[in-house]
Amino acid sequence: MTEDQRLIEDYLVGNLSSAEKKSLEARCQKDDDFRQQFLEEQLIFNSIKDHHAQVFLTNTRNILNSNSVRNPRARNLTLKLMAASVIVLLGIFLIWKPTSSKSPQQLYTDFFRPYPMVLSQRGDAEGTERLVQAYEQNNWIVVEQELGNLDPDLIPSPLLDLYWTISLLQQDKTDKAIRLLEKYRKQPVNDLYQQTLEWYLAMAYLQMGNSSDAKSVLTELARKTKSSQLQTDIGNILKQL
Amino acid sequence: MRSDSKYTESLLEQLAAGKKEAIEKIYHAYFPGLLSFVRNNRGDIEDAKDLFQECLYYLYRYLRKSDAQEIANLEAYFRVMYRNRWYEHLKKRNREVESIEDSEVIIEEEDIHYYVYLQAFEKLGSDCKKVLRFYIDGKSSQEIADLLNTSIDYAKRKKYLCKESLKEIASQILKNHLTK
């Protein structure tokens, strides 16, 4: 979190002195970027605070979902389309009968390996030791907790996110892992971590059963990596996907 | 639905208070027309539900604003709003649309973003909702850590990740609006 974000948060929750408040308001007047950032944070803050509106939306959605609109014509069409799709898929399967293909989840199981633990005893020695031990013992709940306890200054944030991802994937918290890694596709970091992060993003997509995104990440990764081992693994996955 | 002004006034008061009965009444009165309009304009029932929720929310937000003007003809107001919003959605999906009706029903960009964040918050996991509500209530990281029975660093990190998730979901919602 940046210093500006922290400042704006403190302003919004009322933790600033009146002098600090005035200084922030004056900066908002002068600095366009800062004002934009402030307005965005304020919007988020207010929407989280607006419990009344949240209940309103939930009630509306419940009413929409509980009142089903009958449309037999559409339903019959859907059933016919589903039946036709099953026949077509069955035909394709019988003609091609792909003997070597595997489900994305199966490929995840075959290829996923936790990234090696490279942390040594630094900083809070006891905490790091607990983390390393839990990691080696596959105790992922403890790993997640200990990562939260780590001093962020002791470890580069892509590496921290990498271990975080491993612990999430091992606990089947795939959505969270994907959200964590996708930001690196938009804002790449140095090559040392980038390719590893992308590999685990592909793993997360496989775990989720999302073959097309997994393929796209792996294809891109195969193009840029110089590691022959990685290229072999990617080739094997793509062949079976 | 009855169209006399006293009835409409009372219905809108109930809606501003978030009463379920008012939502039900408006749903039964206007949803069939909205659904038929969406289906005739390249949409499906899920689009219609999303559009109904969105427009009803804007109506509710408008009514809660202190400077809200009286709405003389609710049916016409709601119809213009959903038609215009639907045409906006189609435009963003790069579809050709009829020209948007001129009206006094204007949805501010800020209201749209606010609605997106509300939807995003609804989609967050319960843990994240809890952490973010603690933060909004002005609880310090130490207090949040105590409430979650964890360390202060973990609480800080958790809050940061939850907020990032919220932003990410909001940006996905906006992106889906554009590309669906």
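All values below come from the heavy atoms of this structure, side chains included, with hydrogens, waters and symmetry mates left out. Chain letters run A, B, ... following the sequence lines, proteins first and then strands; every chain starts at 1. This one's a predicted model, so the numbers in the text were calculated from it and none came from an experiment.
Contact of B:Y57 with chain A is made through backbone and side chain together, with heavy-atom distances under 4.5 Å. Neither the backbone nor the side chain of B:A120 comes within contact range of chain A, judged by heavy atoms closer than 4.5 Å. Only the side chain of A:L160 has a heavy atom closer than 4.5 Å to any heavy atom of chain B. Residue B:E168 touches chain A through its side chain alone, counting heavy-atom pairs closer than 4.5 Å. With a 4.5 Å cut-off on non-hydrogen atoms, B:F121 touches chain A through its side chain but not through its backbone. Contact annotation for A:K186: only side-chain heavy atoms (C-beta onward) come within less than 4.5 Å of a heavy atom of chain B.
Residues of residues 122-135 of chain B lying within less than 4.5 angstrom of chain A, judged on heavy atoms, are B:E122, B:L132, B:R133, B:Y135 in numerical order. Residue-level contacts of residues 54-61 of chain A with chain B, in order of numbering, are A:Q54, A:F56, A:L57, A:T58, A:N59, A:T60, A:R61; threshold 4.5 Å between heavy atoms. Proximity to chain B among residues 34-46 of chain A is limited to A:E40, A:E41, A:L43, A:I44, A:F45, A:N46, judged by heavy-atom separations below 4.5 angstrom. For a heavy-atom cut-off of 4.5 Å, chain B lies close to no residue in residues 23-32 of chain A.
If you tally non-hydrogen atom pairs under 4.5 Å between each of B:A170, B:S151, B:A155, B:G138 and chain A, the highest count goes to B:S151. Chosen from B:Y160, B:Y117, B:Y60, the residue pairing most often with chain A at heavy-atom distances under 4.5 Å is B:Y60. Between chain A and the residues B:K139, B:K163, B:E164, the largest count of heavy-atom pairs under 4.5 Å involves B:K163.
We find the CG-CD1 distance between B:L166 and A:I48 to be 5.5 Å, quoted to the nearest 0.5 Å. Rounding to the nearest 0.5 Å places CD of A:E9 at 8.5 Å from CD1 of B:I136. A distance of 6.5 Å separates CG in A:L64 from NZ in B:K49, rounded to the nearest 0.5 Å. Summarising the geometry, atom CG belonging to B:L161 is positioned 8.0 Å from atom NZ belonging to A:K176; distances are rounded to the nearest 0.5 Å.
The pair A:E144-B:R157 does not meet the salt-bridge criterion, since no charged nitrogen lies less than 4.0 angstrom from a carboxylate oxygen.
Residues A:D50 and B:R64 are in side-chain contact: their nearest non-hydrogen atoms beyond the backbone lie under 4.5 Å apart.
Smallest separation of non-hydrogen atoms from B:S165 and A:R179: OG-NE, 3.4 Å.
Heavy atoms from other residues, nucleotides or ligands lying under 6.0 Å from NZ of A:K22 number 12 at most. Heavy-atom neighbours of B:N40 CG from other residues, nucleotides or ligands within 6.0 Å: above the threshold of 12.
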